[in-house]
Structure formats: structure tokens, C-alpha cells
Amino acid sequence: NAGVTQTPKFQVLKTGQSMTLQCAQDMNHNSMYWYRQDPGMGLRLIYYSASEGTTDKGEVPNGYNVSRLNKREFSLRLESAAPSQTSVYFCASYRSLEKSSYNEQFFGPGTRLTVL
Amino acid sequence: AQSVAQPEDQVNVAEGNPLTVKCTYSVSGNPYLFWYVQYPNRGLQFLLKYITGDNLVKGSYGFEAEFNKSQTSFHLKKPSALVSDSALYFCAVLSGGFKTIFGAGTRLFVKA
């Protein structure tokens with residue numbers, strides 16, 4: 001199993017450009033997440049998808065959109081990139097609640113995005 | 001609101017000495033607590049979790065954590081630190097069944 005994969009690994013954008021970050025998991029997990037990591041701020045949740053067909057806003061959704069394409073794939077789109085969106089982006093997946101078994105998340109390797 | 005606090009930005013310890021990375025939490029209801037580790041240029045990796053049962057939880061790489069309900073703490077510990085333990089450590093709490101709230105992280109530096 002590859003686990004959680006993300007593309008691209010690195011990206012440099014100019015202000016106003018758009019791009020889509022791709023994420024896929026092969027663990028048959030129900031829930032998927034997008035986080036951003038900034039120094040001293042830990043991980044902040046951008047959007048999540050509790051199950052296929054649903055998406056919800058997290059803590060910092062402004063400037064982003066998501067698509068849960070199918071059970072495996074969850075993409076994050078920046079329509080008009082801003083310097084404040086310079087960050088490291090992580091995708092994660094989670095099996096969800098099963099008989100009171102609370103599970104850990106599995107993370108991808110991250111995408112380092114710089115917006116000039 | 002549920003929250004997690006890691007009061008130390010950095011912890012320094014000599015190799016072979018015991019280490020503790022602190023975490024306190026604020027949750028309504030039963031806490032479901034996790035520790036993750038992040039090595040440079042990598043995603044987070046799960047270390048251990050507390051759901052219920054024994055207050056001392058054992059995890060990967062010789063780490064353990066002690067759940068203390070009265071002090072609302074979930075400190076990460078290891079009896080003998082290794083240089084290879086140097087990394088960024090995150091405490092987290094599961095909120096509402098689907099969302100995990102992370103602390104700001106503590107950088108552990110183990111000196112040879």
C-alpha cells in the first residue's frame with residue numbers, strides 16, 4: 001500500500017494564479033482532510049470530507065475549495081493564490097468511527113507551496 | 001471549545017536521559033488523545049493514543065504517555081532519549097468524531 005500520496009511535492013505560484021493539489025489514499029478510508037502547517041501554529045484544518053459525497057469547512061477555509069472526487073481522492077484548489085497561502089499543505093485520511101474504536105490519521109508527505 | 005496546549009516550543013535533552021514533552025487539553029466529555037511525530041520534510045506519523053483503560057499508554061519507538069484526568073494532561077515520555085528522537089511532536093485531541101485538533105507542536109532536540 002502506498003498510503004496517502006500527494007502531488008505535487010513543491011510548487012511556486014505568482015499572486016493570482018490558480019492550482020489544484022491532489023491527494024489520494026489506498027486504505028479504503030472514509031474521511032479525508034486538508035491541513036496547512038505554518039511555523040508556530042501547528043496544523044490548521046482547511047476542509048474535510050467525513051465521507052464520500054460530503055465536504056465541510058474547517059478552521060481556515062477562506063481562499064480554498066475542495067472536491068471529493070471519489071472515496072480515494074480529495075483535491076484542494078486555490079482559485080487565486082495569495083502570499084498568505086504560502087505554507088506546507090498536508091492531506092490526511094482516517095478510517096472513522098467503528099464500534100468505538102477511535103483511530104489515528106494517516107498523513108501524506110506534504111506539498112510545499114510558495115506564492116510570490 | 002476543545003483545545004490542546006503544548007506549553008514548550010522546544011525541549012532539549014541529552015542522549016540517554018529521560019525526556020518529557022508536555023500536553024494539556026480541554027475537552028467536553030471523554031478525551032481521545034493522540035501523539036504524532038514529524039521528521040524533517042515528512043508528514044506526521046502516529047505514535048500512540050489514549051482512548052480508555054490504563055492511564056499509561058505505550059507506543060512506537062519506546063515512547064509512552066501518561067493520561068492524567070485530574071490535571072487534564074497527556075505528557076509524552078521516554079526513559080532514555082536517542083539523537084534520532086529529535087523531531088517535532090504534536091499532541092492532538094479527536095473532536096466530534098471526525099476532526100482532530102492539534103497543538104502547536106514541540107521541537108525536541110536530543111544532544112549526543
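Proteins get letters first, then strands, A, B, ... in listed order; numbering begins at 1 in each.
A side-chain donor from one of B:Thr106 and B:Gln6 sits under 3.5 Å from a side-chain acceptor of the other.
For a residue to count as touching a neighbouring chain, one of its non-hydrogen atoms must lie under 4.5 Å from one of that chain's; by this rule A:Phe106 does not touch chain B. For B:Leu88, the part lying near chain A is the side chain, with the backbone staying farther off; criterion is any non-hydrogen pair under 4.5 Å. Within the 4.5 angstrom heavy-atom criterion, no atom of A:Glu59 approaches chain B. When heavy atoms are compared at a cutoff of 4.5 Å, B:Gln38 approaches chain A solely by way of its side chain, counted from C-beta outward. Heavy-atom distances place no part of A:Arg44 under 4.5 Å from chain B, backbone and side chain included. Using a 4.5 Å cut-off between heavy atoms, A:Leu45 contacts chain B through its side chain alone, with no backbone atom that close.
The greatest number of non-hydrogen atom pairs below 4.5 Å with chain B, out of A:Gly42, A:Gly110, A:Gly108, is found for A:Gly42.
Relative to the ring axis of B:Phe63, B:Lys78 places its NZ or CZ within 45° and under 6.0 Å from the centre.
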Stepwise side chain to side chain contact (heavy atoms under 4.5 Å, CB included) test for A:Thr55 and A:Tyr48: CA-CA 6 Å; A:Thr55 60; A:Tyr48 69 102; over 6 Å; no
- request: Start with the C-alpha gap between B:Tyr32 and B:Lys49, add the side-chain angles, then the distance that decides, and say whether side chain to side chain contact (heavy atoms under 4.5 Å, CB included) holds.
  value: CA-CA 7 Å; B:Tyr32 304 113; B:Lys49 64 183 177 183; over 6 Å; no
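Screening A:Thr7, A:Val66, A:Thr20 for a side chain to side chain contact (heavy atoms under 4.5 Å, CB included) with A:Ser75, the sole residue that qualifies is A:Thr20.
For the atom pair CZ (A:Arg68) and OG1 (A:Thr54), the distance works out to 7.0 Å, reported to the nearest 0.5 Å.
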